[in-house]
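In what follows, a single structure is set out as structure tokens and then discussed.
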There are 2 protein chains.
Amino acid sequence: MTNSILLLIQLTRNAYRRASEDVLGMKVKAYMLLQNLREGAMPQAELPGCMHLDANNTVLLLNDLESKGFVERRRDPADRRRHIVAITEAGTKALARADRVMASLEAEVFASLSPEEQATFRDLLARAVAAEPAAV
Amino acid sequence: MTNSILLLIQLTRNAYRRASEDVLGMKVKAYMLLQNLREGAMPQAELPGCMHLDANNTVLLLNDLESKGFVERRRDPADRRRHIVAITEAGTKALARADRVMASLEAEVFASLSPEEQATFRDLLARAVAAEPAAV
DNA sequence: TATTGTTATACTCTATAACTATA
DNA sequence: TATAGTTATAGAGTATAACAATA
């Protein structure tokens with residue numbers, strides 16, 4: 001049989017396609033970024049580290065999110081080079097909506113597994129991810 | 001905790017990065033395509049269906065593989081519009097080498113799981129993939 | 001001079017549509 | 001006219017490097 005990595009790639013492509021911007025209300029990466037802001041604002045410079053994005057990409061993603069009104073960038077008064085990035089109320093709502101969409105996509109993608117199997121899968125997956133260096 | 005799809009995306013990105021053209025000897029997609037030819041030649045027109053590629057992309061991939069001498073395209077004498085695509089001896093060798101590389105990447109990516117857990121994970125993953133429509 | 005954020009650029013991927021040759 | 005394959009083209013996505021403002 002084909003190896004796990006190929007299977008992983010296949011399943012992920014499928015999942016990724018389902019999570020289109022139309023259905024999710026934002027790009028998957030934007031969703032990932034917003035998750036980092038859920039607990040509170042953070043300096044823009046820290047976002048790339050969380051997500052394994054480069055600084056450039058972060059700027060482009062933030063431009064997109066800001067144009068939708070989902071985040072705000074504010075100058076840090078203590079160091080005027082820095083931006084503090086915060087999620088807005090609209091962003092919080094969009095994030096909650098995207099959470100629900102992602103949960104239903106998850107149910108679809110893993111429909112062929114029993115709830116116990118899904119839990120097992122998720123647990124093993126989480127452990128494999130935790131052992132890896134961060135990536136988007 | 002974050003949902004399974006996000007975890008899936010993270011792990012896959014990581015795995016995908018490791019499987020660079022340098023280390024694998026070919027692109028991941030080329031590897032997937034060659035796997036379809038392992039058992040024997042097939043008409044070019046059937047490859048997109050196997051891999052969820054469009055016809056255009058298939059041509060580009062085959063150009064790449066042919067320039068490396070890994071596949072051959074032969075006109076079908078019965079219908080001169082058609083190409084029969086076959087793996088060459090060099091392609092078979094490159095495929096075997098890539099198989100070994102993929103196996104070792106798999107071991108790395110899932111190093112934090114026990115062999116039994118890896119087997120469980122692969123089994124669940126294979127079932128989730130099998131239930132989905134085909135994708136590259 | 002170093003750092004934060006931005007812009008510019010280029011390179012790869014992917015998707016669409018037009019074209020050639022065979023049927 | 002329809003089909004198999006190809007080529008051309010444009011649009012994302014991603015990565016690199018140059019640039020401006022501030023420290």
Item checked: Exceeds 12 heavy-atom contacts within 6.0 angstrom, atom CZ of A/R75 -> yes

Notebook entry, point to check: Which class fits the ring pair B/F121 and A/F121: parallel under 30°, tilted 30 to 60°, perpendicular over 60°?
Noted result: parallel

Check: Roughly how far, to the nearest 0.5 Å, is CG of A/L11 from CG of B/L124?
Finding: 11.5 Å

Next item on the list: May I ask you to decide if A/V85's main-chain N or O and A/R73's side chain share a donor-acceptor pair within less than 3.5 Å?
Entry: no

Margin query: A/S20: which residues meet the side-chain hydrogen bond (donor to acceptor under 3.5 Å, both in side chains) condition with it, sequence neighbours left out?
Written below: none

Checklist line | Interatomic distance where CG belongs to B/L53 and C1' belongs to D/dT6 [whole Å] | finding: 15 Å

Note to self: As a test of reading the structure: which of D/dT14, D/dA15, C/dA15 is closest to the side chain of B/R13, going by heavy atoms?
What the structure shows: D/dT14

Item checked: Contact list for DNA chain C against residues 69-81 of chain A - heavy-atom distance below 4.0 Å -> A/R73, A/R81

Next item on the list: Provide, to the nearest angstrom, the distance between the CG atom belonging to B/D54 and the P atom belonging to D/dG5.
Entry: 13 Å

Next item on the list: Calculate the interatomic distance between A/M51 atom CE and D/dA15 atom P; express it in whole Å.
Entry: 13 Å

Next item on the list: Identify, with sequence neighbours excluded, every residue that meets side chain to side chain contact (heavy atoms under 4.5 Å, CB included) alongside A/T88.
Entry: A/E72, A/A90

Next item on the list: State which residues pass side chain to side chain contact (heavy atoms under 4.5 Å, CB included) with B/A19; sequence neighbours excluded, sorted by chain then number.
Entry: B/V28, B/M102, B/L105

Checklist line | Separation of C/dT7 P from A/H83 NE2 (nearest whole Å) | finding: 10 Å

Notebook entry, point to check: What stems, by residue range, does DNA chain D take part in, given at least 3 consecutive Watson-Crick or G-U pairs under 3.5 Å?
Noted result: C:1-23 with D:1-23

Check: Within the pair B/K29 and C/dT14, is there a side-chain N or O less than 4.0 Å away from OP1 or OP2?
Finding: yes

Next item on the list: Within residues 55-65 of chain A, find the residues that approach DNA chain D with a heavy atom at under 4.0 Å, and present them sorted by residue number.
Entry: A/N56, A/N57

Notebook entry, point to check: Rounded to whole angstrom units, what separation is found between the OH atom of A/Y16 and the P atom of D/dA12?
Noted result: 15 Å

Next item on the list: Report the distance from atom CG of B/D22 to atom P of C/dT12, rounded to the nearest whole Å.
Entry: 13 Å

Next item on the list: State whether the side chain of A/D64 and the backbone N or O of A/L60 hold a donor-acceptor pair below 3.5 Å, judged by distance alone.
Entry: no

Notebook entry, point to check: For B/Q44 and D/dT6, what is the distance between atoms CD and C1' respectively, to the nearest whole Å?
Noted result: 9 Å

